[in-house]
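Every chain is numbered from 1, with letters handed out A, B, ... down the list of sequences.
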Protein chains: 2
Amino acid sequence: MPIKLVTQAETILKEQGGRMTSQRKLILEKIESMSGHPTAEEIYLNANQEDPTLNLSTVYRTLRWLTDQSLITPHRFDEERRQERFDATLTGTNKDHYHFQCQQCKNIIEFSSDQMEKIKSIFSSQTGSEVFSAELVFYGVCANCRENRS
Amino acid sequence: MPIKLVTQAETILKEQGGRMTSQRKLILEKIESMSGHPTAEEIYLNANQEDPTLNLSTVYRTLRWLTDQSLITPHRFDEERRQERFDATLTGTNKDHYHFQCQQCKNIIEFSSDQMEKIKSIFSSQTGSEVFSAELVFYGVCANCRENRS
DNA sequence: ATATTATTGCAAATGAATTGCAATATCAAT
DNA sequence: ATTGATATTGCAATTCATTTGCAATAATAT
């Protein structure tokens, strides 16, 4: 099983002279347990039930820190242009993955693809650019919503 | 050569009982002439030199309308997470295209790929979802910045 | 236990984008 | 050309997600 987010965070904090607080621990646990790709608001609402004194800006600060440490990845999907969603799926360790968002239920499906390397290398050799990362998002209707269509 | 944005807009406006104003015409011309993928602010700054009474909210309203009519496409790129950039490259008519953004000079390169259809169909058949559109962004360093690296 | 200082909660600020409204300008009908 | 109906504008105020300054609090090393 993958290394827990809290463990990874603790290691980095130690290096940086940072501190593991109860708030951080709670937020990290929530991000990990919440399926899908929650927004800051959603994480706050969920964590706040457990610790009612937890503040929204602490959530934002933690999320920003995690992003800077590359422990999570922020995404913006089309429909909800304004708010960020956070992806706790370990980056680096396991293979790159991409996303599909259902335009009806807004659910997100992750997938990977062997073809991507090819697209990258074709682009690189054609333009002389070096590609470090790729973000691919499909939009459409998921199997579930196709069945129960109104 | 492709159909001018102003012409397309005029057709749609006629259908909708809308009006082609001097402001709109100016904004449309600017979007078309500005290379790259300008932000609302950039379009405003540029158009404002020609018509100093033009207001920023008119630019936003026009951009939103054009987006709703699918005449332009909004994008968000990683580095500048908060503001939208607009892509005037005709959608629908010509083939889908994707983007590369240089992390140094922030320039955007457009490209297309035959492989994408394959990725789409593999994903569709694996999940039973229907895919309507795809957004792919590469991040890295462009040829120019690789040479003149500091 | 204590001192140091990273982190929190809170409230205020930011920045991009949107909106309400009175004034203005476009276009169709005369 | 003139007119009238109303779509669109400019302006200011507002929204919404996110960030930030600061005094109070709490985590860690000693």
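On the nucleic acid side, DNA chain C contacts chain A at distances under 4.0 Å to non-hydrogen atoms, with the end points of that region at C:dT4 to C:dT18.
With sequence neighbours excluded, no residue satisfies ring-ring contact (aromatic ring centres under 6.0 Å, His included) with B:Phe86. With sequence neighbours excluded, the residues satisfying salt bridge (Lys or Arg N to Asp or Glu O under 4.0 Å) with A:Arg81 are B:Glu84. Applying the side-chain hydrogen bond (donor to acceptor under 3.5 Å, both in side chains) test to B:Thr11 and every residue at least two apart in sequence or in another chain returns nothing. In this view, A:Glu130 and A:Phe132, B:Arg146 satisfy the side-chain contact (heavy atoms from CB on, under 4.5 Å) rule, not counting sequence neighbours.
In this structure, CZ of B:Arg81 is placed 11 Å from C1' of D:dT19, rounded to the nearest angstrom. Rounded to whole Å, the distance from CG on A:Asp68 to P on D:dT18 is 15 Å. Put simply, CD on B:Gln83 is 15 Å from C1' on D:dA17, counting in whole angstrom units.
Applying the salt bridge (charged side-chain N to carboxylate O under 4.0 Å, His left out) rule to pairs touching residues 65-76 of chain A yields nothing, sequence neighbours excluded. Residue pairs meeting the ring-ring contact (aromatic ring centres under 6.0 Å, His included) criterion with at least one member in residues 6-33 of chain A, sequence neighbours excluded, do not occur.
Think of B:Ile122 as one node in a network of Ile, Leu, Val, Met, Phe, Trp and Tyr side chains linked at under 4.5 Å; it has no links at all.
The end-to-end axis angle of the helix from C:dA1-D:dT30 to C:dA16-D:dT15, rounded to 10 degrees and based on five pairs per end, is 30°.
A heavy-atom distance below 4.0 Å to DNA chain D is reached by these residues of residues 11-28 of chain A, ordered by number: A:Arg19, A:Met20. Within residues 40-60 of chain A, the residues that have a heavy atom under 4.0 Å from DNA chain D are, in order of number, A:Ser57, A:Tyr60.
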Do B:Phe123 and A:Phe100 pass the ring pair (Phe, Tyr, Trp, His ring centres under 6.0 Å) test, and can you show the C-alpha distance, the side-chain angles, and the key distance before you say yes or no? CA-CA 9 Å; B:Phe123 172 80; A:Phe100 165 92; 5.1 Å; yes

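In terms of heavy-atom proximity, A:Met116 sits nearest to B:Ile119 at N-CD1, 4.3 Å. Of all non-hydrogen atoms in A:Asp96 and A:Ser112, the two that sit nearest each other are O-CB, 3.7 Å.
Taking only side-chain nitrogens and oxygens, A:Arg64 comes nearer than 4.0 Å to OP1 or OP2 of D:dT19.
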Name the atoms and distances for all side-chain donor-acceptor pairs under 3.5 Å in residues 17-27 of chain B, with sequence neighbours left out.
{"unit_1": "B:Thr21", "atom_1": "OG1", "unit_2": "B:Arg24", "atom_2": "N", "d": "3.2"}
{"unit_1": "B:Arg24", "atom_1": "NH1", "unit_2": "B:Arg19", "atom_2": "O", "d": "3.1"}

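Between B:Glu50 and B:Lys30 there is a salt bridge, with a side-chain nitrogen of the basic residue lying less than 4.0 Å from a carboxylate oxygen of the acidic one.
Paired with B:Phe77 under the rule side chain to side chain contact (heavy atoms under 4.5 Å, CB included), one option of B:Gln83, B:Lys106, B:Arg85 passes, and it is B:Arg85.
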